[in-house]
2 protein chains.
Amino acid sequence: MAGVSSALTEAPSGESAWRSRVIERSTRVARERASERAQQFLDAARAVMNEKGSTEFTVQEVVDRAPHSLRSFYQYFDGKYELLLTLFEEEMGLAVDSLIAASSEGAPLDRLERVLRDLYDLCAPSRVSKQPLFSEFAFRLLADHPEEVAAAFAPLINYISEVVGEAADAGLLRPGRPRRMAALLVQTATFTAGRNVGARQPITGDEVWEFCLRAIVPDNVADQRLERAQTMTRPPLTPNTCPVT
Amino acid sequence: MAGVSSALTEAPSGESAWRSRVIERSTRVARERASERAQQFLDAARAVMNEKGSTEFTVQEVVDRAPHSLRSFYQYFDGKYELLLTLFEEEMGLAVDSLIAASSEGAPLDRLERVLRDLYDLCAPSRVSKQPLFSEFAFRLLADHPEEVAAAFAPLINYISEVVGEAADAGLLRPGRPRRMAALLVQTATFTAGRNVGARQPITGDEVWEFCLRAIVPDNVADQRLERAQTMTRPPLTPNTCPVT
DNA sequence: CAGGCAGCGGAAACTAGATTCTCACCCACC
DNA sequence: GGTGGGTGAGAATCTAGTTTCCGCTGCCTG
């Protein structure tokens, strides 16, 4: 008996090839099903969250909406927190993709402006399509598990670092490390959009962009950009960015 | 019946003077005691929080430490959330006072630098004296009740607005509204210190200050300040200031 | 001094929500 | 036809916040 169990459990790593094939075959189906089910829970959760406009739903509500039982839920997720986290990562992944796609054309500073403004809009709490994950859960998540938020933001930071790097190569920026600049820009856009701590009226996307631009770009370049922007969008009171709740 | 109840409950406001005097006298003692007890709960909560280094304590723990019962706790606070909020407001008030006191001397930009750096330090999560209220609870609070956070920050914003106004009057700043600049500065310092979303190494206070300074001050003034700071700490290494002229 | 009353301590009860457990069932596979 | 792992349904458990109950103690008032 000792021999048998030893043969089964202590097989030399050289034999592991066929073993993994067998395991892979016999678990592929299970994994596919698991992935599908998890997705169904995620969809249900998204639906509930959009209805309630907040992350304060109960696990039961999600389960009721999904074609599975509570028991299964806990088979696929460690708990509510992990559900939220997964949802957050998924949404963030999509959002980052679309931010990147929407800002892939043009001069470096144009792209940077585009991506930061879009990021601001995405994180603003009072937007048309409520995103409780970004405006509400992200803050909580950030308080509890900053590493995971950082991981979710990483692709965006990477991308913005590249754009910043290009702008720097074009001689448009003050000297500095692109990656750290990118982090500062993302933080500023995200948090200033998310909530505002001091102003009676929320800080607008225009203000955030001007602040960020000034922070990293020398005056002559910034003046030129901002003047051009102002003469193109004549009105002094930028009506299109006023949040209409 | 209607007459009596009407006389008692609908007394004309002209009679309310003596009424309030009576009420005031008979409740003053009660109010003083209440205030003292509430303070004892607050002290106990602070102690528990410092021990645990987080706001994840239970009401029971606080009550056990305070010389009063759970029942009394709920007589003085609407619940745990209100306890935390009160604590936050108290700490924030003290912190703001000390920020203001520590930055009351000097030229406007020196004062601004001082107050923003101190604010950064205050909000940094990995401080010697852990401040779970600022690094942890503030985020949660901000997600749930931004108005209250805004109220707690208001005195600081007012103060910084003044400093910014003085700097502007001295011709050191680009044109802009002091109050909104102040809000952006506070947001940037607070949130960038609190958590960092994108950098492998945390953004430092120096970086935040430079970012903020650049954002609101024209290049010639900023260059001058930053050069001076750099030559004071280390030998000159700034050959290139502005690639595009 | 008796009665009423407001505040309080102590402890149990209540609640909501998350998480886990029990048990029966079903169905692909042997 | 068996059978075992995964599953549905829902009860049970656990946690932490909140509320309630009961009896005690001062204190004011008639």
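Lettering follows sequence order; numbering is per chain, from 1. This is a predicted model, so every value here is computed, not measured.
Remark: B:Ser54 pairs with no residue by the side-chain hydrogen bond (donor to acceptor under 3.5 Å, both in side chains) rule, at least two apart or across chains. Every residue two or more places apart in sequence or in another chain was checked for a side-chain hydrogen bond (donor to acceptor under 3.5 Å, both in side chains) with A:Thr86, and none qualifies. Every residue was checked against the side-chain hydrogen bond (donor to acceptor under 3.5 Å, both in side chains) condition with A:Ser104, not counting sequence neighbours, and none meets it. For B:Glu148, the side-chain hydrogen bond (donor to acceptor under 3.5 Å, both in side chains) partners two or more places apart in sequence, or in a different chain, are B:Tyr81. B:Phe134 meets the ring-ring contact (aromatic ring centres under 6.0 Å, His included) test with B:Phe88; sequence neighbours excluded. In this structure A:Arg177 satisfies the side chain to side chain contact (heavy atoms under 4.5 Å, CB included) test together with A:Arg180, sequence neighbours excluded.
Side chain of B:Leu70, nearest nucleotide from D:dT19, D:dT7, C:dG9: D:dT19.
Taking every heavy atom of both residues into account, B:Thr58 and B:Glu61 meet most closely at N-OE1, 2.8 Å.
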Extract from the structure each pairing of a protein N or O with an N or O of nucleotides 16-18 of chain C at less than 3.5 Å, listing the distance.
residue : atom : partner : partner atom : Å
C:dA18  : OP1  : A:Lys80 : NZ           : 3.2
C:dA18  : OP2  : A:Val59 : N            : 2.9

Set out, line by line, the N/O atom pairs under 3.5 Å between protein and nucleotides 21-26 of chain D.
residue : atom : partner : partner atom : Å
D:dC21  : N4   : B:Arg71 : NE           : 3.3

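Atom CD in B:Glu36 sits roughly 14 Å away from atom C1' in C:dC8 (whole-Å rounding). When the P atom of D:dG10 is taken as reference, atom CZ of A:Phe73 falls 19 Å away, rounded to whole Å.
Distances shorter than 4.0 Å separate some side-chain N or O of A:Ser72 from OP1 or OP2 on D:dG8. The phosphate of D:dT7 (OP1 or OP2) has no side-chain N or O of A:His68 nearer than 4.0 angstrom. Contact annotation: A:Arg37 does not reach the phosphate of D:dG6 (side-chain N/O to OP1 or OP2, under 4.0 Å).
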Sequence neighbours excluded and cut-off under 3.5 Å, please list the side-chain donor-acceptor pairs for residues 37-48 of chain A, or say none.
residue : atom : partner : partner atom : Å
A:Gln39 : NE2  : A:Asp43 : OD1          : 3.1
A:Gln40 : OE1  : A:His68 : NE2          : 2.6
A:Asp43 : OD1  : A:Arg46 : NH2          : 3.2
A:Arg46 : NH1  : A:Glu90 : OE1          : 3.1
A:Arg46 : NH1  : A:Glu91 : OE2          : 2.7
A:Arg46 : NH2  : A:Glu90 : OE1          : 2.8

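Contacts of A:Tyr76 with the nucleic acid, taken as non-hydrogen atoms under 4.0 Å apart, involve only primed sugar atoms and P, OP1 or OP2.
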